[in-house]
Amino acid sequence: MKIIKVNDLNVSYDEKLILKNLSMSFEKNKITAIIGPSGCGKSTFLSTLNLMLEEQGGKYTGEVIFKDRDIREYNRDNIRKAIGMVFQEPTPFPLSIYKNMIYAPVYYGIKDKIKLQEIVEYNLKRVGLFEEIDKELNMSAMKLSGGQQQRLCIARALTVNPEVLLLDEPCSALDVKNTAIIEEMLLKLSREYTIIIVTHNLSQARRISDYTAFILNGELVEYGETEEIFSNPKDNRTREYLEGIYG
Ligand SMILES: Nc1ncnc2c1ncn2[C@@H]1O[C@H](COP(=O)(O)OP(=O)(O)OP(=O)(O)O)[C@@H](O)[C@H]1O
Ligand SMILES: [Mg+2]
């Protein structure tokens, strides 16, 4: 099933066209990797999918359909809740781990302390942090290592039960060990969530994604099953990118 469908998307900042006539669909409960050289429009694309683009000064034409309805028909809060986002640099709030974790559920109206505690523990366990912090939920999130902070950010995104997780190079600031932990976690999470991950790490895209989209200069050059894209790219530009020619 396709959970998000993008039709004829054109995105611009200040009249400058960044994404051109982009159409593709995202398969539910699969991992889709978005690859392409720096500046090709990957982050712009992600921000279009959860209505963050306008806040960044961008505009788009075309449609983004989430579960059969145009995202512009949804209330912005509901879209952000359904389509969560994690950025390249870990962005914990300078608060305790507990407060980071209850922030969104409280915003969306959950008051019951027992319920909140359950949400916190369940999601910290899923990212392997609950044991690591030895249940010290009142510790400042800023005391965590970079990799732990990033896992906290993923756990925090999960607290409101999103359907889609957008990840913009979530591992690029992390070491091999933390990257491996996150990759393994994403593979598990993809049974329940649709994951869209921008990555510069081609071996990561190949290891974890089911589908890969290659963007070059704002144009979707090729999109398909990851194994097929990597082993038998149809477009020469894809082949050249995978061979490292565009850096
Ligand atoms: N808020 C903004 N206002 C104006 N132009 C922007 C804005 N954000 C991005 N751009 C421009 O849009 C183009 C695409 O940027 P984007 O950040 O989407 O690329 P990217 O593929 O994510 O690159 P990277 O791999 O370096 O993260 C670039 O030319 C960039 O300068
Ligand atoms: Mg980017």
Practice problem: Please lay out, stage by stage, how Thr194 and Thr32 fare under the test side-chain contact (heavy atoms from CB on, under 4.5 Å). | Solution: CA-CA 8 Å; Thr194 303; Thr32 301; over 6 Å; no
Practice problem: Look only at the side chain of Glu222 and the backbone of Lys234, and say whether a donor-acceptor pair between them is shorter than 3.5 Å. | Solution: yes
Quiz item: Is it true that atom CG of Asn75 has more than 12 heavy atoms of other residues, nucleotides or ligands lying nearer than 6.0 Å?
Solution: yes
Quiz prompt | Tyr74: partners by ring pair (Phe, Tyr, Trp, His ring centres under 6.0 Å), with sequence neighbours left out | solution = Phe66
Practice problem: To the nearest 0.5 angstrom, please state how far the CZ atom of Phe45 sits from the CG atom of Leu166. | Solution: 9.5 Å
Quiz item: How many angstroms lie between atom CD1 of Ile215 and atom CD1 of Ile35, to the nearest 0.5 angstrom?
Solution: 9.5 Å
Quiz item: Under 3.5 Å, is there a donor-acceptor pair between the side chain of Lys5 and the main chain of Phe26?
Solution: no
Quiz item: Is there a donor-acceptor pair closer than 3.5 Å between any side-chain N or O of Tyr223 and the backbone N or O of Ile34?
Solution: no
Quiz item: Is Thr226 reaching over with its side chain to a backbone N or O of Ser209, donor-acceptor style, under 3.5 angstrom?
Solution: yes
Self-check item: Side chains of Pro105 and Leu116 in contact at under 4.5 Å (non-hydrogen atoms)
Solution: yes
Quiz item: Is the backbone N or O of Pro233 less than 3.5 Å from a side-chain atom of Arg239, with the two atoms forming a donor-acceptor pair by type?
Solution: yes
Exercise. Give the C-alpha distance, both sets of side-chain angles, the deciding distance and a yes or no for side-chain contact (heavy atoms from CB on, under 4.5 Å) between Leu187 and Ile31.
Key: CA-CA 8 Å; Leu187 284 169; Ile31 302 182; 4.1 Å; yes
Quiz item: Can you name the residues that form a ring pair (Phe, Tyr, Trp, His ring centres under 6.0 Å) with Tyr107, not counting sequence neighbours?
Solution: none
Self-check item: Side-chain donor or acceptor of Asn10 paired with backbone N/O of Asn21 under 3.5 Å
Solution: yes
Quiz item: Got a sec, which pairs hit salt bridge (charged side-chain N to carboxylate O under 4.0 Å, His left out) with one end in residues 19-33, sequence neighbours left out?
Solution: Lys2-Glu27
Quiz item: Taking the hydrophobic residues Ile, Leu, Val, Met, Phe, Trp and Tyr, and joining any pair whose side-chain heavy atoms are under 4.5 Å apart, which ones share a cluster with Met1?
Solution: none
Practice problem: Go through the steps to decide whether Leu167 and Leu186 satisfy the test side-chain contact (heavy atoms from CB on, under 4.5 Å), and finish with yes or no. | Solution: CA-CA 10 Å; Leu167 303 148; Leu186 293 178; 3.6 Å; yes
Quiz item: Okay, side chain of Ser23, backbone of Asp8: is any donor-acceptor separation there less than 3.5 Å?
Solution: yes
Quiz item: With distance as the sole test, does Arg191 use its side chain to make a donor-acceptor pair with the main-chain N or O of Asn29 at under 3.5 Å?
Solution: no
Quiz prompt | Over 12 non-hydrogen atoms of neighbours within 6.0 angstrom of CD in Gln56 | solution = yes
Quiz item: With a 4.0 Å cut-off, would you call Arg206 and Glu227 a salt bridge?
Solution: yes
Quiz item: Taking only residues two or more places apart in sequence or in another chain, which ones pass ring pair (Phe, Tyr, Trp, His ring centres under 6.0 Å) with Tyr211?
Solution: none
Practice problem: Tell me, please, which residues at least two apart from Glu136 pass side-chain contact (heavy atoms from CB on, under 4.5 Å). | Solution: Met139
Quiz item: Could you state the interatomic distance from CD1 (Ile197) to SG (Cys171), rounded to the nearest 0.5 Å?
Solution: 5.5 Å
Quiz item: OG1/Thr61 to CG/Leu9 distance, rounded to the nearest 0.5 angstrom?
Solution: 7.0 Å
Exercise. Please answer whether the main-chain N or O of Ser203 pairs with a side-chain N or O of Asn201 as donor and acceptor at a distance below 3.5 Å.
Key: yes
Quiz item: Of all residues at least two apart in sequence or in a different chain, which pass the side-chain contact (heavy atoms from CB on, under 4.5 Å) check with Thr44?
Solution: Val11, Tyr13, Ile18, Leu19, Leu53
Quiz prompt | Shortest non-hydrogen separation from Arg72 to Gly62 and the atoms involved | solution = NH2-O, 2.7 Å
Quiz item: To the nearest 0.5 Å, what is the distance between CZ (Phe214) and SG (Cys40)?
Solution: 7.5 Å
Practice problem: Considering only NZ, NE, NH1 and NH2 on the basic side and carboxylate oxygens on the acidic side, decide whether Lys59 and Glu54 come within less than 4.0 Å. | Solution: no
Exercise. Kindly determine whether Met52 and Leu46 satisfy side-chain contact (heavy atoms from CB on, under 4.5 Å), including the steps that lead there.
Key: CA-CA 8 Å; Met52 287 222 329; Leu46 286 194; over 6 Å; no
Exercise. Could you name each residue pair satisfying salt bridge (charged side-chain N to carboxylate O under 4.0 Å, His left out) that touches residues 78-102, not counting sequence neighbours?
Key: Glu55-Arg80
Quiz item: Under a 4.0 Å N-O cut-off, is there an ion pair linking Asp175 with Lys177?
Solution: no
Practice problem: Report yes or no: do Asn7 and Glu63 form a side-chain donor-acceptor pair below 3.5 Å? | Solution: yes
Quiz item: Shortest non-hydrogen contact from Gln88 to Ser172?
Solution: NE2-OG, 2.9 Å
Quiz prompt | Distance-only side-chain donor-acceptor flag, Thr199 / Glu169, under 3.5 Å | solution = no
Practice problem: Please list, chain by chain and in numerical order, all residues satisfying side-chain contact (heavy atoms from CB on, under 4.5 Å) with Asp134, sequence neighbours excluded. | Solution: none
Quiz item: Going by side-chain heavy atoms closer than 4.5 Å, which hydrophobic residues are tied to Ile65, directly or by a chain of links?
Solution: none
Quiz item: Are side-chain N/O atoms of Ser12 and Asp14 paired as donor and acceptor at under 3.5 Å?
Solution: no
Check: residues 119-133 side-chain donor-acceptor pairs under 3.5 Å, at least two apart:
from: Glu121; atom 1: OE2; to: Gln117; atom 2: NE2; distance (Å): 3.0
from: Asn123; atom 1: OD1; to: Arg126; atom 2: NH1; distance (Å): 2.9
from: Asn123; atom 1: ND2; to: Ile119; atom 2: O; distance (Å): 3.0
from: Arg126; atom 1: NH1; to: Tyr193; atom 2: OH; distance (Å): 2.9
from: Arg126; atom 1: NH2; to: Glu192; atom 2: OE1; distance (Å): 3.2
from: Arg126; atom 1: NH2; to: Glu192; atom 2: OE2; distance (Å): 3.3
from: Arg126; atom 1: NH2; to: Tyr193; atom 2: OH; distance (Å): 3.2
from: Glu132; atom 1: OE1; to: Gln148; atom 2: NE2; distance (Å): 2.9
from: Glu132; atom 1: OE1; to: Arg151; atom 2: NH2; distance (Å): 3.0
from: Glu132; atom 1: OE2; to: Arg151; atom 2: NH1; distance (Å): 3.0
from: Glu132; atom 1: OE2; to: Arg151; atom 2: NH2; distance (Å): 3.3

Quiz item: What pairs with Gln150 under side-chain contact (heavy atoms from CB on, under 4.5 Å), at least two apart in sequence or on another chain?
Solution: Val86, Pro90, Cys153, Pro170, Leu174, Ile182
